[in-house]
Amino acid sequence: MLATKEDRGVKVAAWAAEATGRTNPDFAGLTFPTSRDERWRYTRASNMLGRAMHPATAPGSAPAQRPLPNLDAHRLVFVDGHFMAALSTGVTLDGAYIGTWGESIKANPGLLKTWGRGAFADKEWFAALQAEGSQDGACIYVPKGVDISSKPIVVEHHLSGAGIAAHPRNIVCLEAGAKAEVLLWTSASAEADGLMNLAFDARVDEKAELKLEFVQDEAGQSAHVSHLHLTQAADSKIEVHTATARAHWLRNDLHIEQIGERANATFHGCFAPGDGQFTDHHTRIDHAMPDGTSSELYKGLAFKGGKAVFNGKIKVHQDAQRIEAFQKNSNILLERGATIYAKPELEIYADDVRCSHGCTTGQFDEEAVFYLRSRGMPEAAARRLLTQAFMAESIVGLRPEAREHVEALFLERIHA
Amino acid sequence: MLKITNLHARIGDTEILRGLNLEIATGEVHAVMGPNGSGKSTLASILAGRDDYEVTQGSIEFNGVDLLGLDATERAVAGIFLAFQYPVEIPGVSNMNFLRTAIGSIREQKGQDPISAKDFLAKVKRCAQLVELDGKLRDRSVNEGFSGGEKKRNEIFQMAMLEPMFAVLDETDSGLDIDALRIVSAGVNAMRDEKRSFLVITHYQRLLDHIVPDRVHVLAAGQIVRSGGKELALELEEKGYDWVKEAV
């Protein structure tokens, strides 16, 4: 029997209270997303409500090895929303701060006011949940003119076990002319069945440059919701490379706002859900000022029983003359019983702009498979080679170590 | 090397080969000519192991092995090569990566050690010279943006790299200008030896001026209706295919 709206509201409130560890989380009037919400049309989040989960009072165990162990990097490790100081190498360097959000707001409570509850918290129910349950995460501050990009910062968030909801909050602030590279990495143990509900806010000032790689490699049955919001000032440059290498159920919201002139953004992503897996990438770029550029490329593969959603919104504001925005989304359904919902969304209010987009969903060219087989490759090897070729341009922006890791996870889903 | 006996094959409900017999000895070059729709490309596809065709009757023996019992990959490993009439473009896979993977696969299935990088590169250089394939084409994605002639040269380049025992050239001359025809033919001729056999499928006689066959067969309505020496090709050129059709 269907529950009434009131019953459902009570159930959601009780679940949210437990998941955030707060008696009365404030959702500012937002309701739990259902398929009636356009942005959640193909994304069913309600299964989560059937699983009890709560924030961990203390961290569980971290993975034995750090991701990309041979990479020379600063490392910030968080398990179940708690900072693992012994595994981390946060530093202050040339005036830059690589540390935790928790320490930062203790030292400077004003930061909380500056950064608020996060850009999505008054729009998205899960972002409000994040704001209410907010836990520790990375805080990276690079002062004016300082370049720390030669050594990347790996921010690792791990979910250690069953019944845990984590809500890490991450902040990056690059002042004018500053440069940094951040690699955000989420993982989960095989037992994990809760929620990784992550927020990442970045402010990139004039002429600053941020490269963000985001690798999602989560075993187990946990859900993942992330809220990434980046604002960029004049002449700044942002690169975001997202790879959903492995996820049971994932929703990723990426929002880039160009609030200064001549800003440049590149954002690429890839996903390849296997049987029983679901990934949803919602991206949005706001060209609010003139002469900005953006280049977006998302590629998806879906295996039998896998389901994916891609929604790419480009909004060109009235004053954003002479911007150039490019979006491409290509998808391959590898087998029968695979599903991909793809939707480009362009809203253009300026008249002198160059916007282009292309969206395709198809299957592997069987003639190509035969061609490769006729040259001696077994069918699985042929399909692997074609998969690599298809995904290549969407992961080329990841550093080689990360690219190899992601590619290996995709390829292991291909059987003979 | 190859013995085809009473081969019947169809695609869907359409019967295309209707009792084809053909025997090719080791070291020989045979040509199969015939009008459009006679079954030439079907024969090539069946030899290479394309799944679209159903063999309803007959047998193909390749060096004593039942070829129809092998899939496309196994046939390539056994030493069969098909030069495609329409080579496939594979964006994102470089020619070099493609060939390295193919050679690696074949050697692995044969239980041989992988080829060394040095030997591989030396072989690439040697084989590319054979068909005048320059470095740029070697490094590009497989056939992507290649002209018709470049695609066919790339097929012969691959053949030289894979060193098959038996190669089927499916209308390799189609879409070639005179220079490309000369280059492709020279590549094939350089590979002729007493251990390797070829089946050259063509609509026109002109290819056979360059690749001179030991035997010529005329295929019409799914059967070999006439066989002879290389002079048969000239006779066909002169008289056209109509008299063949009448003979059926």
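In what follows, chains are A, B, ... by sequence order, proteins preceding strands, each numbered from 1. Side-chain atoms are counted along with the backbone in the values below, which use heavy atoms only and exclude waters and symmetry mates. Just so it is clear, the model here is predicted, and its values are computed rather than measured.
For Ile106(B), the parts lying near chain A are the backbone and the side chain together; criterion is any non-hydrogen pair under 4.5 Å. Of the atoms belonging to Pro164(B), not a single heavy atom falls under 4.5 Å from chain A.
Electrostatic pairing of Glu155(B) and Arg375(A) counts as a salt bridge here, judged by a charged N lying under 4.0 Å from a carboxylate O.
In terms of heavy-atom pairs under 4.5 angstrom with chain B, the leader among Ala382(A), Ala381(A), Ala392(A), Ser374(A) is Ser374(A). The choice from Val77(B), Ile80(B), Leu82(B), Asp52(B) that makes the most heavy-atom pairs within less than 4.5 Å of chain A is Leu82(B).
Rounding to the nearest 0.5 Å gives a distance of 7.0 Å between CD1 of Ile90(B) and CG of Leu385(A).
Nearest heavy-atom pair, Ala72(B) versus Phe370(A), reported as atom, atom and distance to 0.1 Å: CB-CE1, 3.8 Å. Nearest heavy-atom pair, Ala76(B) versus Gly376(A), reported as atom, atom and distance to 0.1 Å: CB-N, 3.4 Å.
Two residues are said to be in side-chain contact when any heavy atoms from C-beta on lie closer than 4.5 Å; Glu367(A) and Arg50(B) meet this criterion.
Applying the 6.0 Å contact sphere to NZ of Lys3(B) captures no more than 12 heavy atoms from other residues, nucleotides or ligands. Counting heavy atoms of neighbouring residues, nucleotides and ligands inside a 6.0 Å radius, atom OH of Tyr86(B) does not exceed 12 of them. In this structure, Lys237(A) places its NZ atom where only 12 or fewer heavy-atom neighbours from other residues, nucleotides or ligands lie under 6.0 Å away.
Among pairs with a residue in residues 103-117 of chain B, those fulfilling side-chain hydrogen bond (donor to acceptor under 3.5 Å, both in side chains) read Ser116(B)-Asp119(B), at least two apart in sequence or across chains.
In this pair, Tyr371(A) and Phe98(B) present their aromatic rings parallel. The plane angle is below 30°, not in the 30 to 60° band.
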Test side-chain contact (heavy atoms from CB on, under 4.5 Å) applied to Thr101(B) and Gln388(A), step by step
CA-CA 13 Å; Thr101(B) 309; Gln388(A) 273 176 309; over 6 Å; no
